[in-house]
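The chain is numbered in sequence order, starting from 1. The structure presented is a predicted model; accordingly, all values stated were derived computationally and were not measured.
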Amino acid sequence: MEMADETTHACSSSQFFRPDVNEYLTSVFESAFPPALATNVIHTLTEYLRKPPPLTTLRVNILLYSREEAIGLLEKLLSEQYQEKQISTPPVMPHPILFDTVIIPNVGPRKCLLHTKKVIVDLHCGLAVMRGADVFAPGVMAAPKALQSGDLVSVFADMEGKCRRGLATNYEAQTLHVGNGIAVLGRIQLFGSKSTNRPLSYLQGNRNQDG
């Protein structure tokens, strides 16, 4: 899945946070800063929270594996997964300071054009996609009636949690474009009684982040 460039599909803090959370943050920051600066701080916080970090950081249980063994296992696993998706495997590196920690650099962002066919996923699925996951059937809430395997799709996260599973018409509530991909399941397989846990979309690009 090719991740969206968040600068082209931005949402405000009031759209990103639940109303009660946005109200609380606003009251906290407005009590600590002048109003104009408080708005700036909330906007900056929103921008940071909407993006994955530049590094994925993993701590190694050195009672079971040495850091070198963990790096080898991760490299093998990532190589298998990324070869299947025909994209470059990210490096796995030792942390420069922490002896029991490894890091994996994230890559991106890429500008994504919107495809005609749009898929809505729940917020948890959208967050997982931002961290590198495929889209799996249980996370999909809405898809076009004509969705077929092999279709190019744009994936949107449901920011309000109001989308009904199986929806085939346009969803009007707030969404966030998290990426593009290629469907490997059609709508019938996706929502049918024999729906499987196969991924809806394989990765076709780099993750969305600023580093």
Side-chain angles (χ1 to χ4, degrees), residues 1-59 95 97-98 100-112 114 118-143 153-167 169-181 200-201 203 205-211:
M1 178 168 295
E2 186 178 34
M3 296 313 302
D5 178 0
E6 70 287 341
T7 60
T8 61
H9 304 283
C11 62
S12 68
S13 61
S14 62
Q15 296 168 325
F16 183 78
F17 296 116
R18 293 199 320 260
D20 58 324
V21 175
N22 187 66
E23 183 179 346
Y24 173 76
L25 289 174
T26 300
S27 65
V28 168
F29 287 118
E30 285 186 348
S31 66
F33 303 102
L37 182 57
T39 301
N40 231 11
V41 171
I42 294 172
H43 175 74
T44 302
L45 176 63
T46 303
E47 289 303 300
Y48 275 117
L49 291 177
R50 285 160 80 283
K51 306 170 191 174
L55 297 172
T56 295
T57 306
L58 302 170
R59 188 175 181 185
H95 193 282
I97 297 174
L98 303 176
D100 60 350
T101 304
V102 299
I103 54 178
I104 304 172
N106 295 326
V107 182
R110 294 187 178 191
K111 292 187 180 295
C112 294
L114 291 178
K118 301 178 181 180
V119 171
I120 307 296
V121 300
D122 64 37
L123 185 58
H124 293 294
C125 180
L127 291 172
V129 168
M130 297 282 281
R131 286 310 308 262
D134 291 323
V135 175
F136 284 83
V140 179
M141 303 306 295
V153 296
S154 288
V155 179
F156 290 79
D158 177 15
M159 302 298 291
E160 298 183 19
K162 297 179 180 178
C163 188
R164 293 180 291 106
R165 181 168 171 79
L167 185 71
T169 57
N170 287 336
Y171 179 57
E172 301 298 335
Q174 175 65 31
T175 59
L176 180 68
H177 183 209
V178 294
N180 293 340
L200 165 73
S201 178
L203 302 178
N206 295 322
R207 297 296 110 188
N208 178 22
Q209 60 89 36
D210 264 353

- Item | Atom pair OH/NZ of Tyr171 and Lys162 - distance to nearest 0.5 Å | 7.0 Å
- Interatomic distance, His95 atom NE2 to Ile103 atom CD1 [nearest 0.5 angstrom]: 6.0 Å
- Just by distance, do the side chain of His177 and the backbone of Gly179 share a donor-acceptor pair under 3.5 Å? yes
- Query: Just checking, is any N or O donor in the side chain of Thr175 or Asp158 under 3.5 Å from an acceptor N or O on the other one?
  - Reply: no
- Do Asn106 and Pro54 have side-chain heavy atoms sitting under 4.5 Å apart? no
- Message: Less than 4.5 Å apart, side chain to side chain, heavy atoms only: is that true for Cys125 and Val140?
- Response: no
- Between the CG atom in Leu25 and the CD atom in Glu30, the distance rounded to the nearest 0.5 Å is 11.0 Å
- Heavy-atom closest pair (Arg165 atom, Ala137 atom, distance to 0.1 Å) is NH1-O, 3.3 Å
- Message: To the nearest 0.5 Å, what is the distance between CD1 on Ile42 and CG on Leu37?
- Response: 10.0 Å
- Item | Check: Phe33 and Asn40 side chains under 4.5 Å, non-hydrogen atoms | no
- Could you please spell out the steps behind the side-chain contact (heavy atoms from CB on, under 4.5 Å) verdict for Val121 and Val129? CA-CA 10 Å; Val121 300; Val129 168; 5.6 Å; no
- Item | Within 6.0 angstrom of Asn170 CG, more than 12 heavy atoms from elsewhere | no
- For residues Pro105 and Leu55, report the shortest heavy-atom separation together with the two atoms involved. CA-CD2, 3.7 Å
- Taking the side chain from Glu160 and the backbone from Gln174, do they hold a donor-acceptor pair closer than 3.5 Å? yes
- Item | Between CE on residue Met141 and CD1 on residue Ile120, distance to nearest 0.5 Å | 10.0 Å
